[in-house]
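Take a look at the structure below.
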Amino acid sequence: MSKPSKDLPLGFVDRQEKELLVRDFIISNIKEVMIRYGFQYLETPSFEYSDSIGKYLPDKERPDEGVFSFKDEKKWLSLRYDLTAPLARYVAKNFLEIPKPFKRYQLGTVWRNEKPGPGRFREFLQFDADYVGTKSLQADAELCVMISEILEKSGLSKSEYVVKISSRKITEELFKKINLNNNQQKLTILRALDKIDRLGWSGVKELLGEGRKDKSGDFTKGANLSTKNIEIIENELKKKSPETDDLKDIFKLFKDYDFNNFEFDPSVIRGLEYYTGAIFEVNLKFDIKNSKGQIIQFGSIGGGGRYDNLVNNFGNYNAPATGISIGLDRLVYALMQKKEFNLNQSKPVVICVFDKNLMREYIKILSLLRKSAINAEIYPEENKLKKQMEYADKIKSPAVILYGENEIKSGKPTLKNLNTGEEKSIEIEELVNEIKKII
RNA sequence: GCAGCAGUAGCUCAGUUGGUUAGAGCACUAGUUUGUGGAACUAGGGGUCGGUGGUUCGAAUCCACCCUGCUGUACCA
């Protein structure tokens with residue numbers, strides 16, 4: 001009989017305490033900022049009906065790739081791939097009850113059924129803040145300011161990240177200018193423009209024209225634009241300041257907020273078709289390495305934008321909205337390379353067991369310590385002292401308490417400081433004070 | 001999906017032009033110390049050499065296919 005595999009499915013990972021503590025630290029910053037900015041906390045389920053999260057199901061055995069799905073009785077269910085679509089569904093469902101505008105934030109795991117890349121997994125934690133029910137660009141501006149406050153609280157300096165901003169309106173006007181109506185072609189163009197930072201203008205121009213062969217030999221079909229139109233696009237997108245009203249307004253607001261860690265970048269596209277206005281992307285400005293020390297194409301750690309029609313997809317309510325999300329695990333991954341976090345939670349003092357018949361005494365000491373808010377535990381069984389010491393050392397315990405034959409006579413346990421190795425004989429009543437000196 | 005690289009102990013890796021019984025460091029277990037961790041010393045356990053098939057007297061080593069991982073590229077509502 002073959003044993004169960006200890007491998008994990010592609011793109012899924014175990015996450016250990018060191019990483020989780022950094023993540024918790026960031027989450028606590030997020031919550032603090034969210035409360036300060038007046039966002040309310042929401043949780044929606046992991047599964048939604050597949051059509052609710054934006055996947056249209058063809059008459060096939062399985063829904064399209066990209067999401068994890070299964071068929072429940074008659075309907076297809078899918079694990080959510082982001083938190084924005086569930087929000088739109090929630091707003092449409094509860095439209096009459098919720099405040100307008102509705103500001104909500106959410107932390108939740110999302111799943112994507114696609115090939116994982118460096119720092120990208122098929123299961124990851126996302127943070128998402130949205131502002132539903134207002135067209136005001138003050139909402140968009142505030143989201144950028146807010147995200148930057150979270151990043152800086154979490155340890156990034158202004159020179160280490162930047163919020164890039166563009167607007168769907170820029171490309172729309174561009175399409176008018178070159179008289180383009182073909183939706184498929186528009187998509188191809190947007191995808192091409194999205195790659196400027198990686199491929200540079202030369203690569204992008206190939207993609208706008210006939211196509212591009214990458215170094216792996218794979219050929220990507222282009223948008224087949226004329227040389228003249230490609231030139232128009234290049235000229236428009238090389239402009240250093242925006243000409244659309246929405247961005248002009250947002251930039252004015254940034255000034256009022258005294259926020260300046262942003263960059264106008266018309267190549268920010270974000271692929272998503274539902275964006276209708278401003279688009280944001282949060283980028284790190286330092287190199288990220290993998291476990292082998294190679295510098296990798298890390299991409300952005302988050303982004304968002306205005307999506308004025310998404311809620312309307314679910315019904316008759318009209319709720320313009322704007323939102324931003326951060327991939328928390330990616331942020332943690334990057335942050336841990338940049339900074340030493342000293343977030344080790346204080347480990348328990350270990351009470352060694354010399355004789356299981358003395359358990360009553362050990363538990364007395366244990367209770368005393370725990371009541372005084374000292375993390376403590378009893379080694380679970382009678383064992384060689386060496387074993388118990390090794391255990392305490394392994395978990396980085398600050399101290400052990402020895403209470404055996406020798407100590408029982410005087411009634412005074414020995415407290416051993418595991419950093420210095422120093423041992424002291426101490427009255428039980430004084431243990432708490434002595435331990436507090438150590439930790 | 002396409003392409004490049006890789007897969008040898010729990011981890012990091014060595015293994016010569018194909019040649020007996022496949023190694024090292026770290027980790028692990030036991031002991032030196034039956035009441036003392038982190039250091040040292042001694043001993044020990046642990047491998048379908050990613051898998052399957054082929055070439056060969058003989059394969060970790062060569063060939064084919066497959067699987068897995070990494071990196072790039074494509075896609076990402």
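Sequence lines set the chain letters: A, B, ... in the order given, protein chains first and strands last, and positions in each chain run from 1.
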Has the side chain of A/Glu423 got a donor or acceptor atom sitting under 3.5 Å from an opposite partner on the base of B/rU36?
yes
Can you say whether a donor on the side chain of A/Lys384 sits under 3.5 Å from an acceptor on the base of B/rU34, or the other way round?
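It does not, because no donor-acceptor pair links the side chain of A/Lys384 to the base of B/rU34 below 3.5 Å.
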For the side chain of [X], counting heavy atoms from C-beta on, which of [options] is nearest?
X: A/Asp393; options: B/rG72, B/rG38, B/rG69; answer: B/rG38
X: A/Lys115; options: B/rC75, B/rG37, B/rU71; answer: B/rU71
X: A/Ile296; options: B/rU36, B/rU71, B/rG35; answer: B/rU71
X: A/Lys416; options: B/rC76, B/rC75, B/rU36; answer: B/rU36

Is there a Watson-Crick or G-U wobble partner for B/rC62 with both distances under 3.5 Å, and which nucleotide is it?
B/rG54
Please work out if [X] contacts a base, only the sugar-phosphate, or nothing of the nucleic acid, heavy-atom cut-off 4.0 Å.
X: A/Asn419; answer: base
X: A/Gln297; answer: sugar-phosphate
X: A/Lys396; answer: nothing
X: A/Tyr391; answer: nothing

State whether the number of non-hydrogen atoms from other residues, nucleotides or ligands found under 6.0 Å of A/Asn316 atom CG is greater than 12.
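Open: at most 12 neighbouring heavy atoms sit under 6.0 Å from CG of A/Asn316.
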On the nucleotide [N], are OP1 or OP2 found under 4.0 Å from the side-chain N or O atoms that [X] carries?
X: A/Arg120; N: B/rU71; value: no
X: A/Lys394; N: B/rA27; value: no
X: A/Lys387; N: B/rA30; value: yes

Separation between CG of A/Leu20 and CG of A/Leu125, rounded to the nearest 0.5 Å:
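Those atoms lie 10.0 Å apart.
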Run A/Lys135 and A/Asp308 through salt bridge (charged side-chain N to carboxylate O under 4.0 Å, His left out) and show every step you take.
CA-CA 8 Å; A/Lys135 283 199 155 165; A/Asp308 285 344; 5.0 Å; no
